[in-house]
Amino acid sequence: MTDRYDPHVIEPKWQARWEADGLYRATVDANRPKHYALTMLPYPSGNLHIGHWYAMTPSDARARYMRMKGYNVLFPMGFDAFGLPAENAAIKDGIHPIERTYTNIDHMRDQLKSMGTMFDWEREAISSDPEFYRWTQWFFSKLFQNGLAYKKHSPVDWCPQCQTTLAREQVWGEDRHCERCGTPVIKKALDQWYFRTTKYADELLDFDGLDWPSQVRDMQTNWIGRSEGASVVFETESGDQIEVFTTRPDTLWGATFMVLAPEHPLVTRLTTDEQRSAVGAYIEAATRQTEIERESTEKEKTGVFTGGYAINPVSGERIPVWIADYVLMTYGTGAIMAVPAHDERDFAFARMYGLEVRLVVRPPDSPGLNGAAMQEAWAGEGVMVNSGPLDGIAAGKGDGQSVKAAIAWLKEHGRGEGAVTYRLRDWLISRQRYWGAPIPIIYCPEHGQVAVPDDQLPVVLPEDVEWLPTGQSPLKLHPTWSQTTCPACGRPAERDTDTMDTFMCSSWYHLRYLSPHFEKGPFDPAEYDYWMPVDTYTGGAEHATMHLIYTRFFHKASRDMGVTKGPEPMLQLRNQGQILGPDGQRMSKSRGNVVDPDAQVSQFGADTVRAYLAFGYEWSEGGPWSDNNIQGPARWLNRVWGIAQPAGSAAEPDATTVQSLKRAQHIAIRDVSDDLEAFKFNTVVSSLMEYTNSLYRFREVAEGSPSWAEAVDTLVLLAAPITPHLSEELWSLRGHPYSVHQQAWPVFDPAMLKEDQVEVVVQVNGKVRDRIMLPPEAPESAATAAALAAPRVAELVDGKTPRKVVYVAGRLVNVVV
RNA sequence: GCCGAAGUGGCGGAACGGCAGACGCGGCGGUCUCAAAAACCGUUGAGCCACAAGCUCGUGUGGGUUCGAAUCCCACCUUCGGCACCA
């Protein structure tokens with residue numbers, strides 16, 4: 001009689017042993033192939049939730065599998081420890097963010113250890129440690145010195161709840177809300193630091209060599225929003241130049257007016273005295289509108305004539321210049337040429353204000369159409385008309401078509417050229433908050449913006465600050481902190497009092513893991529050369545257009561600054577889905593549907609929770625938590641425990657039994673390996689369950705025999721990535737040397753799958769009517785004969801000659817009559 | 001409006017163009033038990049049928065390709081994610 005399976009005894013026991021032995025320490029070993037497995041690090045909120053388990057434990061299973069396959073695996077963990085919640089809590093209850101953050105980290109580290117993950121804790125990196133953010137600041141300085149960081153005064157997104165500016169990526173949804181707190185953002189004009197992400201727009205569009213989900217690639221591609229066209233220069237009557245961007249330069253002959261954004265710098269100069277009050281009132285009204293109101297596509301188009309005129313550079317015609325809020329200062333040049341006949345928005349505007357609509361692309365089906373008669377804009381194909389040199393050319397972007405011809409014409413006449421515009425904006429990284437890495441810039445009356453010299457980094461965040469809900473960073477209110485001297489001239493100067501977007505920390509944390517205590521640089525180059533790039537990166541898809549763009553930018557910029565190597569930081573990316581509450585809704589405290597992983601672990605043990613999270617969902621999809629469904633994996637673990645107890649010794653069973661036992665064993669090896677490889681954790685567990693079930697069927701005839709021992713050992717090994725504690729305990733009970741996690745992964749032998757006879761389905765006209773036994777490689781003639789001889793088939797064929805017979809060896813015969 | 005993903009039993013979910021529903025939950029029946037729980041064994045898509053054999057239907061809807069379609073193609077519906085006056 002063996003002891004009951006008790007995870008509460010074996011799990012802490014093995015966790016302590018693994019830690020004491022440093023079993024998961026990863027060190028550079030040039031003789032072994034490396035595998036850098038990375039999973040997104042948590043924010044130290046105070047408690048791990050089930051979503052962390054869902055993200056991390058399958059990732060851990062795969063890292064363990066790679067390790068058993070012979071790779072030298074680096075699987076680190078750390079904390080993205082700067083950020084608003086800690087600071088907001090400080091304002092509320094006075095507990096210092098440092099205290100709260102590090103208390104939370106201590107607790108969460110223990111929770112992470114309770115998962116039974118193979119994290120190498122000696123490589124832990126915490127982004128709020130001065131030895132970490134020293135290098136975050138160093139990266140800022142590097143970018144500044146290389147012209148990739150700059151300060152600009154401009155209207156920016158401000159979250160009134162978080163009391164700070166946000167990057168464009170961090171403003172979400174139709175109502176333009178803050179990604180963190182959900183509050184709609186407002187516009188403020190402020191001096192802020194930016195990184196030149198747009199410089200890398202084209203390179204960021206290139207995913208060559210990356211094994212990333214197409215959804216993420218598509219989202220990034222859409223986000224970057226490359227669009228090809230031309231820039232065209234219009235001249236005003238007063239001689240000013242207005243540059244516009246258009247994707248349809250071929251329709252230039254149909255441009256009957258221009259529209260500028262209300263904020264456009266030339267508006268004042270263009271506006272005539274008669275129009276000045278109307279224009280002023282319109283601009284006033286536009287500024288008062290919220291971003292949401294202004295950018296609503298439902299809204300009717302409004303605008304005001306400036307009184308000024310420009311010259312259409314192709315026709316020489318005098319066309320009126322209007323302002324309208326449907327033209328955005330933040331895209332292109334903030335000015336457009338309006339071609340009402342072929343643009344929906346321009347058409348609506350022209351009809352509203354009675355402006356001329358001139359057809360320049362004649363649709364194929366409407367030979368008599370003219371601008372005045374049009375009911376809607378025509379954006380389709382056709383032939384160019386009313387367009388001078390372009391007349392008769394087919395409208396389109398292809399070779400020999402109108403767009404290319406128009407660009408050639410513009411170039412030839414010096415009025416414009418081919419151009420590309422992106423939707424992507426530069427990354428705004430200033431934050432008006434305390435709990436972040438200070439921006440290492442000093443403002444000197446003499447020398448302007450001066451980077452803090454590397455040997456004076458880090459610029460340490462002062463601890464003696466006051467928590468006031470003023471909407472100003474405590475750094476700004478600190479009496480002395482910002483006062484310093486200029487590194488260039490030594491005269492009194494001031495520090496920047498903003499801190500950096502915490503997405504900066506996560507843009508390079510994977511490099512700090514390489515050598516978290518290295519003092520000569522952000523990472524030890526020897527570690528970098530061995531481990532980088534990250535081979536497998538796992539995490540949530542919600543980071544597609546934030547972290548995952550930033551970190552690619554960071555890597556490419558760092559490469560150009562000679563810091564990193566290679567085109568990309570992370571080769572393979574996989575996203576897990578989300579675990580919902582048992583009610584199918586997103587988990588939240590207010591709904592009361594939050595599943596606490598600690599409670600599940602104390603009820604079932606970590607291995608069961610791991611197995612359930614792997615088994616219950618298609619990993620990339622996620623789904624609702626179920627207290628019922630976890631019973632399945634819980635029972636399975638008990639069954640593994642029961643079948644894998646040491647079993648004395650017995651003679652081999654008959655050869656047929658041995659053969660089918662080995663067959664089951666090798667099917668399991670094949671399926672579990674393939675599915676772990678492919679992140680299909682649910683079928684990994686179901687294959688293990690099937691194999692366990694078949695061992696129960698063999699138990700009576702085979703238990704104790706050498707084949708049985710091998711079959712059971714194989715189960716213990718195959719389960720080790722999913723249930724590391726259970727496998728370790730069973731491996732030890734079965735008398736094998738520690739540790740199961742240092743064993744080689746079982747090797748699949750296809751020869752073990754060979755069978756003398758296989759069941760072949762016989763179809764008549766595509767419907768299954770019978771089954772016959774055949775050798776797997778039976779020739780078609782024999783298979784056909786056997787199929788036709790099958791009683792049910794003979795009956796249905798009824799003496800007729802089959803019109804056709806389809807034979808798939810080892811699978812089916814389809815008789816068509 | 002644009003880009004993308006997904007629709008399969010009561011439920012979670014499986015299925016290289018080849019036996020739909022693996023594996024599990026739940027249900028039902030049984031073994032064990034004084035009994036219950038646990039554990040173990042069996043069974044479980046729907047319909048026709050007393051039962052079985054057998055047949056029919058069945059992967060969001062409608063078409064198509066194919067000897068054969070959950071899978072490929074076309075059109076549509078629904079849900080979800082992202083973007084959206086982007087010139």
Just the rounded figure in Å: distance from [atom2] of [N] to [atom1] of [X].
{"X": "A/Gln220", "N": "B/G4", "atom1": "CD", "atom2": "P", "answer": "16 Å"}
{"X": "A/Glu618", "N": "B/G12", "atom1": "CD", "atom2": "C1'", "answer": "12 Å"}
{"X": "A/Tyr617", "N": "B/A14", "atom1": "OH", "atom2": "C1'", "answer": "17 Å"}
{"X": "A/Asn222", "N": "B/A84", "atom1": "CG", "atom2": "P", "answer": "10 Å"}
{"X": "A/Leu580", "N": "B/C11", "atom1": "CG", "atom2": "P", "answer": "17 Å"}
{"X": "A/Glu621", "N": "B/U79", "atom1": "CD", "atom2": "C1'", "answer": "12 Å"}
{"X": "A/Asp250", "N": "B/A87", "atom1": "CG", "atom2": "P", "answer": "14 Å"}
{"X": "A/Met219", "N": "B/C80", "atom1": "CE", "atom2": "C1'", "answer": "12 Å"}

Inset, instruction - Flag the pair A/Asp157 and A/Lys187 as a salt bridge only when some basic side-chain nitrogen lies within less than 4.0 angstrom of an acidic carboxylate oxygen. - result: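 A salt bridge links A/Asp157 with A/Lys187.
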Inset, instruction - Say whether, by atom type as modelled, one donor and one acceptor occur between the side chain of A/Asp426 and the main chain of A/Thr198 under 3.5 angstrom. - result: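 Yes, because the side chain of A/Asp426 sits within donor-acceptor range (under 3.5 Å) of the backbone of A/Thr198.
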Inset, instruction - Return the residues of residues 801-817 of chain A meeting this criterion: a heavy atom under 4.0 Å from some atom of RNA chain B. Order them by number, or give none. - result: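 Residues of residues 801-817 of chain A that come under 4.0 Å of RNA chain B are, in numerical order, A/Lys804, A/Val806, A/Val808, A/Arg811, A/Leu812, A/Asn814, A/Val816.
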What is the nucleic acid contact for [X], judged by heavy atoms within less than 4.0 Å: base, sugar-phosphate only, or nothing?
{"X": "A/Trp636", "result": "nothing"}
{"X": "A/Gly225", "result": "nothing"}
{"X": "A/Glu759", "result": "base"}
{"X": "A/Arg168", "result": "sugar-phosphate"}
{"X": "A/Gln763", "result": "base"}
{"X": "A/Gly577", "result": "nothing"}

Integer angstrom distance from the [atom1] of [N] to that of [M]:
{"N": "B/G17", "M": "B/U65", "atom1": "C1'", "answer": "11 Å"}
{"N": "B/G24", "M": "B/G9", "atom1": "C1'", "answer": "14 Å"}
{"N": "B/G29", "M": "B/A20", "atom1": "C1'", "answer": "26 Å"}
{"N": "B/G13", "M": "B/A6", "atom1": "C1'", "answer": "14 Å"}
{"N": "B/C86", "M": "B/C80", "atom1": "C1'", "answer": "25 Å"}
{"N": "B/A46", "M": "B/C41", "atom1": "P", "answer": "24 Å"}
{"N": "B/G45", "M": "B/U33", "atom1": "P", "answer": "32 Å"}
{"N": "B/A70", "M": "B/A22", "atom1": "C1'", "answer": "15 Å"}

If only side-chain N and O atoms of [X] are considered, is one of them under 4.0 Å from the OP1 or OP2 phosphate oxygen of [N]?
{"X": "A/Arg769", "N": "B/C55", "answer": "yes"}
{"X": "A/Lys767", "N": "B/A20", "answer": "no"}
{"X": "A/Thr247", "N": "B/C86", "answer": "no"}
{"X": "A/Arg345", "N": "B/G1", "answer": "no"}

Quick test: give all pairs of protein nitrogen or oxygen and nucleotides 22-26 of chain B nitrogen or oxygen below 3.5 Å, distance rounded to 0.1 Å.
from  : atom 1 : to       : atom 2 : distance (Å)
B/A22 : O2'    : A/Glu690 : OE2    : 3.3
B/G24 : OP1    : A/Asn693 : ND2    : 2.9
B/C25 : OP1    : A/Arg635 : NH1    : 2.4
B/C25 : O2'    : A/Asn629 : OD1    : 3.0
B/G26 : OP2    : A/Arg635 : NH1    : 3.2

Legend entry - Ring centroid separation A/Tyr54 to A/Phe681 under 6.0 Å: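 No, they do not, as the ring centres are separated by 6.0 Å or more.
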Inset, instruction - Verify the ring-centre separation between A/Trp636 and A/Phe615: is it less than 6.0 angstrom? - result: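 A/Phe615 vs A/Trp636: aromatic centres not under 6.0 Å.
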Can you say whether the rings of [X] and [Y] are parallel (under 30°), tilted (30 to 60°) or perpendicular (over 60°)?
{"X": "A/Phe245", "Y": "A/Tyr331", "answer": "perpendicular"}
{"X": "A/Phe349", "Y": "A/Tyr353", "answer": "tilted"}
{"X": "A/His543", "Y": "A/Phe503", "answer": "perpendicular"}

Inset, instruction - Nearest-nucleotide wise, let me know which of A/Asn765 and A/Gly616 is further upstream toward the 5' end of RNA chain B. - result: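 This one resolves to A/Gly616.
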Inset, instruction - Determine the minimum heavy-atom distance between A/Ala55 and A/Trp619, stating which atoms define it. - result: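 The pair with the smallest heavy-atom distance is O-CZ2, 3.6 Å.
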Inset, instruction - Give RNA chain B the dot-bracket treatment, 5' to 3': Watson-Crick (N1-N3 with N6-O4 or O6-N4) or G-U (N1-O2, O6-N3) under 3.5 Å, [ ] crossing, | other strand. - result: (((((((..(((.....[....)))((((((.......))))))((((.....))))..(((((..]....))))))))))))....
Inset, instruction - Ignoring the backbone of A/Leu328, work out which of B/A84, B/A87, B/A5 is nearest its side chain. - result: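 Given the options B/A84, B/A87, B/A5, the side chain of A/Leu328 is closest to B/A87.
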Legend entry - Verdict with reasoning, A/Thr692 to A/Glu690, per side chain to side chain donor-acceptor pair (under 3.5 Å): CA-CA 5 Å; A/Thr692 308; A/Glu690 278 181 272; over 6 Å; no
